[in-house]
Amino acid sequence: MKPILSVKDLQVVFSGFKALKGVTLEVGDREIVTIIGPNGAGKSTLLDAIVSKSPVAAGKVYFQGKNITNKNPYEIARMGIGRKFQNPNVYNELTVFENLLLSLKGDHGIFDSITAKLTKKKRDKIIDVLEIIGLLNYAATPVASLSHGQKQWVEIGMVIAQDPTLVLLDEPTAGMTPEETHATGEIIKSLAQNHSVVAIEHDMEFVKQIAERIIVLHQGEKLAEGSVQEIQNNPQVIEVYLGREKIDVDVAART
Ligand SMILES: Nc1ncnc2c1ncn2[C@@H]1O[C@H](COP(=O)(O)OP(=O)(O)OP(=O)(O)O)[C@@H](O)[C@H]1O
């Protein structure tokens with residue numbers, strides 16, 4: 001099977017500091033790949049480099065067979081890669097429906113998007129997205145009155161409203177309650193029926209819920225790759241990441 005995304009020997013350098021030291025990975029059609037690793041491992045930098053938010057110093061990024069290395073970020077978005085950042089980037093004073101309307105592919109400018117005639121096609125598309133993100137009953141609710149988790153779902157919705165082939169999510173469950181985290185996992189699984197997904201995540205329960213394949217980054221390099229079981233039993237991963245996570249949890253439980 002031909003991969004949707006193919007990253008080859010990617011290097012990113014910040015003022016002489018190598019944040020990525022030659023990372024290679026592939027993402028298949030409608031596959032969910034989860035990226036884990038300690039703080040500073042280079043996870044966000046990897047997603048940034050794919051969409052040209054950080055410049056690639058060496059190596060290549062191919063999307064659907066086309067070389068997109070260091071291409072203009074808007075062009076990359078237009079080609080079909082959607083990126084959600086850690087903090088919700090939504091319009092609080094607008095409703096959930098309006099936020100999604102603003103994100104629809106082909107619309108330009110807040111005023112134009114909101115005042116333009118709402119076609120049936122646009123309405124149906126927004127309803128589809130609302131169903132996927134579980135907010136159908138909140139269409140007319142101002143985003144300001146949603147919970148933190150619901151705002152994150154609106155933003156996931158804003159990404160998928162653009163019909164990306166590949167969705168990149170940076171810690172989609174950050175700050176969520178356990179119930180919201182679980183619901184996010186179900187949203188991502190339903191997303192993967194039509195999209196490829198790469199998600200950075202720290203919460204191992206969540207990773208187990210969604211992961212088909214896990215990639216572990218450590219100090220700018222790929223330390224391991226495999227199924228949940230392979231990763232959980234990998235001694236190097238336990239040493240640099242999973243063991244430490246467990247110690248953190250144990251310490252937190254005692255204090
Ligand atoms: N714009 C930048 N300028 C300089 N250094 C940077 C920049 N962005 C990231 N770094 C450094 O690159 C390394 C990788 O950072 P990155 O944010 O990719 O890690 P991460 O794995 O996403 O960590 P976290 O889990 O804490 O978000 C870190 O040492 C970070 O300080």
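When a ligand or atom number is given, it counts from 1 through the structure's own listing order. Here, residue 1 is the first one in the sequence, and each next residue gets the next number. Both backbone and side-chain heavy atoms feed into the values below; hydrogens, waters and symmetry mates do not.
- Tyr62 and Ile4 are assigned to two separate hydrophobic clusters, defined by single-linkage of ILVMFWY side chains at heavy-atom distances under 4.5 Å.
- Put simply, Leu104 and Tyr138 are part of the same group of oily side chains (I, L, V, M, F, W, Y) that touch within less than 4.5 Å, one to the next.
- Remark: ligand 1 atoms within the under-4.0 Å shell around heavy atoms of Thr45 are 9 (C), 14 (C), 15 (O), 16 (P), 18 (O).
- Considering backbone and side-chain atoms together, Ala19 places no N or O closer than 3.5 Å to any N or O of ligand 1.
- The one candidate from Leu223, Ile35, Ile36, Ile200 that meets the side-chain contact (heavy atoms from CB on, under 4.5 Å) condition with Leu217 is Ile35.
- A salt bridge links Arg83 with Asp170; the closest basic N to acidic carboxylate O contact falls under 4.0 Å.
- When only interatomic distances are considered, the shortest N/O to N/O separation between Phe14 and ligand 1 does not fall below 3.5 Å.
- Counting heavy atoms only, Lys43 comes closest to atom 20 (P) of ligand 1 of the residues Glu171, Lys43, His202, His218.
- Contact atoms of ligand 1 toward Ala41: 19 (O), 20 (P), 21 (O) (distance under 4.0 Å to a heavy atom of the residue).
- Contacts of Ser15 with ligand 1, taken as heavy-atom pairs under 4.0 Å, are absent altogether.
- Neither side chain, Gln150 nor Glu180, offers a donor N or O lying under 3.5 Å from an acceptor on the other.
- For a threshold of 3.5 Å applied to N or O pairs, the pair formed by Gly37 and ligand 1 contains no separation below that value.
- No chain of hydrophobic side-chain contacts below 4.5 Å, direct or via other Ile, Leu, Val, Met, Phe, Trp or Tyr residues, connects Ile50 to Val13.
- Numbered from 1 in the order shown, with element, the atoms of ligand 1 that lie under 4.0 Å from a heavy atom of Pro38 read 21 (O).
- The shell of residues lying under 4.0 angstrom from ligand 1, judged by heavy atoms, excludes Gly220.
- Those atoms of ligand 1 that come under 4.0 Å of a heavy atom in Phe17, given as number and element, are 11 (C), 12 (O), 13 (C), 29 (O).
- Side-chain contact annotation: Gln152 with Thr184, donor-acceptor N/O pair under 3.5 Å absent.
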